[in-house]
Peer 1: 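First, the structure itself, so that you have it in front of you.
When a residue number appears, it is its place in the shown sequence, counting from 1.
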Amino acid sequence: INAYFIANFIYSVWIRRKVKTPFDFALSVVLVGLILSGISSSYYENSNPLYVYFAYQFILALYFYIILVNKDTQVKHVEKALTYLSLALCVFYIVQFIAFQRGIVLTDMFADGYDAEAGDLVRFRAVGSALAAWAYFYGLNGVLVSPKKSFLKVLLLVLGLAVILLMSFRTMVAGLMLCTLVMVIKVNGLKSGLFKYLFLLFVAIVVAYNVPTVQKKIDYMIEKQQGDQTLANDDYIRWINFYYHLDENTKDDVEYYLGVGLNADKNSSLCIKEDNLMEQHL
């Protein structure tokens with residue numbers, strides 16, 4: 001499927017040049033970068049080019065966009081599809097969270113490893129979890145633009161926010177708050193309505209904080225922020241990780257700029273190396 005996406009992109013954008021979108025250049029740069037990274041990985045890391053290609057499947061899915069353009073797909077249809085997908089994701093995530101409290105595990109994608117004793121502080125990821133943010137902001141935009149026709153938008157906003165809080169990633173929550181402010185100002189401008197929405201947001205936060213599970217999640221994030229797991233600490237694992245990949249992970253400057261690539265072959269030297277790094281939290 002991805003081979004078809006790529007072939008269609010090369011034919012439509014590079015050869016015939018019949019598709020002209022704001023993303024043509026960016027998609028071209030990404031594709032060239034992936035090709036160079038694959039060559040680099042094959043040369044430096046002895047990766048099989050076919051397995052490198054397989055490992056890029058999620059990135060290559062970006063080129064489905066050109067298929068949609070070629071088919072003259074309407075924005076409202078894409079929004080409808082994303083609405084269904086985001087609702088499915090949010091419902092699944094909340095169901096898994098509730099089921100976990102009863103010892104039922106539907107997914108093994110836990111952020112900090114499986115912990116049967118985690119209770120309502122459990123953290124886990126799900127494929128497509130970015131749809132939670134999409135649900136929140138699509139819902140928020142709908143409420144701001146058309147407040148009188150917004151039941152579905154409010155539902156999306158609430159479900160998306162609930163999932164993001166259950167994930168309890170500090171950067172996601174901070175980004176959510178910042179981008180909410182930007183969106184409110186972008187839609188309503190710096191006028192009296194802004195303070196109304198900020199007040200409503202404040203009320204929503206207060207109400208949410210009085211929900212025991214949400215309170216625990218927020219307290220958990222505050223506790224981590226007040227501890228040593230912040231960017232202000234030079235020994236924070238994220239800094240160690242950053243400096244390792246900046247200074248030690250590549251063999252020379254060529255591989256540094258082209259990249260070590262990815263590999264879908266779990267028995268490859270690259271995957272074995274990554275497994276060893278993962279044990280060191282790198």
Side-chain angles (χ1 to χ4, degrees), residues 1-90 92-93 106-109 124-135 138 245 249-278:
I1 293 174
N2 281 328
Y4 174 64
F5 291 166
I6 296 300
N8 175 75
F9 172 78
I10 293 174
Y11 179 71
S12 300
V13 177
W14 288 1
I15 298 175
R16 291 194 63 187
R17 299 186 180 181
K18 69 174 184 176
V19 176
K20 295 188 182 301
T21 79
F23 305 108
D24 293 353
F25 178 72
L27 289 171
S28 295
V29 171
V30 170
L31 182 56
V32 171
L34 291 176
I35 293 171
L36 291 176
S37 181
I39 295 172
S40 172
S41 186
S42 298
Y43 180 78
Y44 287 99
E45 306 293 340
N46 298 315
S47 297
N48 184 317
L50 186 61
Y51 285 106
V52 173
Y53 168 74
F54 289 154
Y56 287 152
Q57 58 176 316
F58 297 112
I59 306 175
L60 295 176
L62 286 170
Y63 296 88
F64 177 58
Y65 170 72
I66 301 300
I67 301 288
L68 297 178
V69 172
N70 280 336
K71 297 293 184 181
D72 293 324
T73 308
Q74 296 183 37
V75 172
K76 65 179 182 179
H77 292 154
V78 177
E79 289 180 350
K80 188 175 182 180
L82 286 171
T83 297
Y84 286 136
L85 287 170
S86 62
L87 284 172
L89 178 278
C90 291
F92 167 78
Y93 197 97
L106 305 174
T107 175
D108 61 355
M109 302 178 72
F124 60 93
R125 298 184 177 94
V127 173
S129 57
L131 285 165
W134 187 90
Y138 184 66
H245 285 90
N249 194 46
T250 53
K251 296 178 176 62
D252 59 30
D253 289 342
V254 175
E255 188 184 22
Y256 179 88
Y257 286 106
L258 297 185
V260 296
L262 301 173
N263 200 310
D265 180 6
K266 297 303 181 182
N267 296 317
S268 68
S269 57
L270 183 60
C271 284
I272 292 172
K273 173 184 175 183
E274 289 178 347
D275 287 341
N276 292 333
L277 290 175
M278 190 174 293

Peer 1: Could you tell me whether the side chains of Asp265 and Asn48 share a donor-acceptor contact shorter than 3.5 Å?
Peer 2: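 Asn48 and Asp265 do not have a side-chain donor-acceptor pair below 3.5 Å.
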Peer 1: Quick one: are Leu27 and Tyr63 in side-chain contact, heavy atoms under 4.5 Å?
Peer 2: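 The answer is yes; the side chains approach within 4.5 Å.
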Peer 1: Could you tell me the separation between the CD1 atom of Ile6 and the OH atom of Tyr56, rounded to the nearest 0.5 Å?
Peer 2: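 So the CD1 of Ile6 and the OH of Tyr56 are separated by 12.0 Å.
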Peer 1: Taking C-beta and beyond as the side chain, do Tyr257 and Leu36 meet within less than 4.5 Å on heavy atoms?
Peer 2: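 A side-chain contact under 4.5 Å is absent here.
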Peer 1: Just by distance, with hydrogens left out, do Lys273 and Asn263 show a side-chain donor and acceptor under 3.5 Å apart?
Peer 2: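 Side-chain D/A pair, Lys273 to Asn263: absent.
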Peer 1: For the residue pair Ile272 and Asn267, establish whether any side-chain heavy-atom pair is separated by less than 4.5 Å.
Peer 2: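 Heavy-atom side-chain distance check fails, nothing below 4.5 Å.
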Peer 1: In the structure I gave you, are the side-chain heavy atoms of Phe5 and Ile66 within less than 4.5 Å of one another anywhere?
Peer 2: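 Sidechains of Ile66 and Phe5: no contact.
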Peer 1: For residues Ala55 and Ala264, report the shortest heavy-atom separation together with the two atoms involved.
Peer 2: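 The pair with the smallest heavy-atom distance is CB-N, 3.6 Å.
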Peer 1: Indicate the atoms forming the closest heavy-atom contact of Leu34 with Ile59, along with that distance.
Peer 2: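 In terms of heavy atoms, the two residues are closest at CD1-CG2, 3.8 Å.
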Peer 1: Compare every heavy atom of Trp14 with every heavy atom of Leu31, then report the nearest pair and how far apart it is.
Peer 2: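 Distance-wise, the nearest heavy atoms are CD2-CH2, 3.7 Å.
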Peer 1: What are the two closest non-hydrogen atoms of Ala135 and Cys90, and how far apart are they?
Peer 2: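 Of all heavy-atom pairs spanning Ala135 and Cys90, the closest is CB-SG, 4.3 Å.
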Peer 1: How many angstroms lie between OH in Tyr138 and CG in Leu82, if you round to the nearest 0.5 Å?
Peer 2: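 Tyr138 OH to Leu82 CG: 8.5 Å, rounded to 0.5 Å.
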Peer 1: Rounded to the nearest 0.5 Å, what's the gap from CG on Leu131 to CG on Leu89? Could you check?
Peer 2: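 Reported to 0.5 Å precision, the distance equals 5.0 Å.
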Peer 1: Over 60° means perpendicular and under 30° means parallel, so classify the ring planes of Phe54 and Tyr51, tilted if in between.
Peer 2: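 The rings of Tyr51 and Phe54 stand perpendicular, inter-plane angle above 60°.
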Peer 1: Considering all heavy atoms of both residues, which atom of Ser40 and which atom of Gly259 are nearest to each other, and what is their separation?
Peer 2: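 Answer, listing the atom of Ser40 first, then Gly259: OG-O, 2.6 Å.
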Peer 1: At what distance, to the nearest 0.5 angstrom, does CH2 of Trp134 lie from OG1 of Thr83?
Peer 2: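 Trp134 atom CH2 to Thr83 atom OG1 measures 3.5 Å (nearest 0.5 Å).
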Peer 1: Within the 3.5 Å criterion, strictly below it, is a donor on Asp252 or Tyr44 matched to an acceptor on the partner's side chain?
Peer 2: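 On atom types as modelled, these side chains qualify, holding a pair under 3.5 Å.
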Peer 1: Contact between Asp24 and Thr21 at the side-chain level, heavy atoms closer than 4.5 Å - yes or no?
Peer 2: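 Yes, at least one pair of side-chain atoms sits under 4.5 Å.
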Peer 1: Kindly state whether the ring of Phe9 and the ring of Tyr65 have centres lying under 6.0 angstrom apart.
Peer 2: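 Between Tyr65 and Phe9, which both carry aromatic rings, the centre distance is not below 6.0 Å.
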Peer 1: Might you point out which heavy atoms bring Leu270 and Val260 nearest each other, and give the distance in Å?
Peer 2: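 Closest approach of Leu270 to Val260, heavy atoms only: CD2-O, 3.7 Å.
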Peer 1: Report the distance from atom CD of Glu79 to atom CD of Gln74, rounding to the nearest 0.5 Å.
Peer 2: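 Between Glu79 CD and Gln74 CD, I get 11.0 Å after rounding to 0.5 Å.
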Peer 1: Is any side-chain heavy atom of Gln57 less than 4.5 Å from a side-chain heavy atom of Ile1?
Peer 2: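 They are not in side-chain contact.
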Peer 1: So, Tyr93 side chain and Phe124 main chain: donor-acceptor pair closer than 3.5 Å or not?
Peer 2: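 Judged by distance alone, yes, a pair lies under 3.5 Å.
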Peer 1: Let me confirm one number: the CD1-OG distance from Ile39 to Ser47, rounded to the nearest 0.5 Å.
Peer 2: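 Nearest 0.5 Å value for the CD1-OG distance: 13.0 Å.
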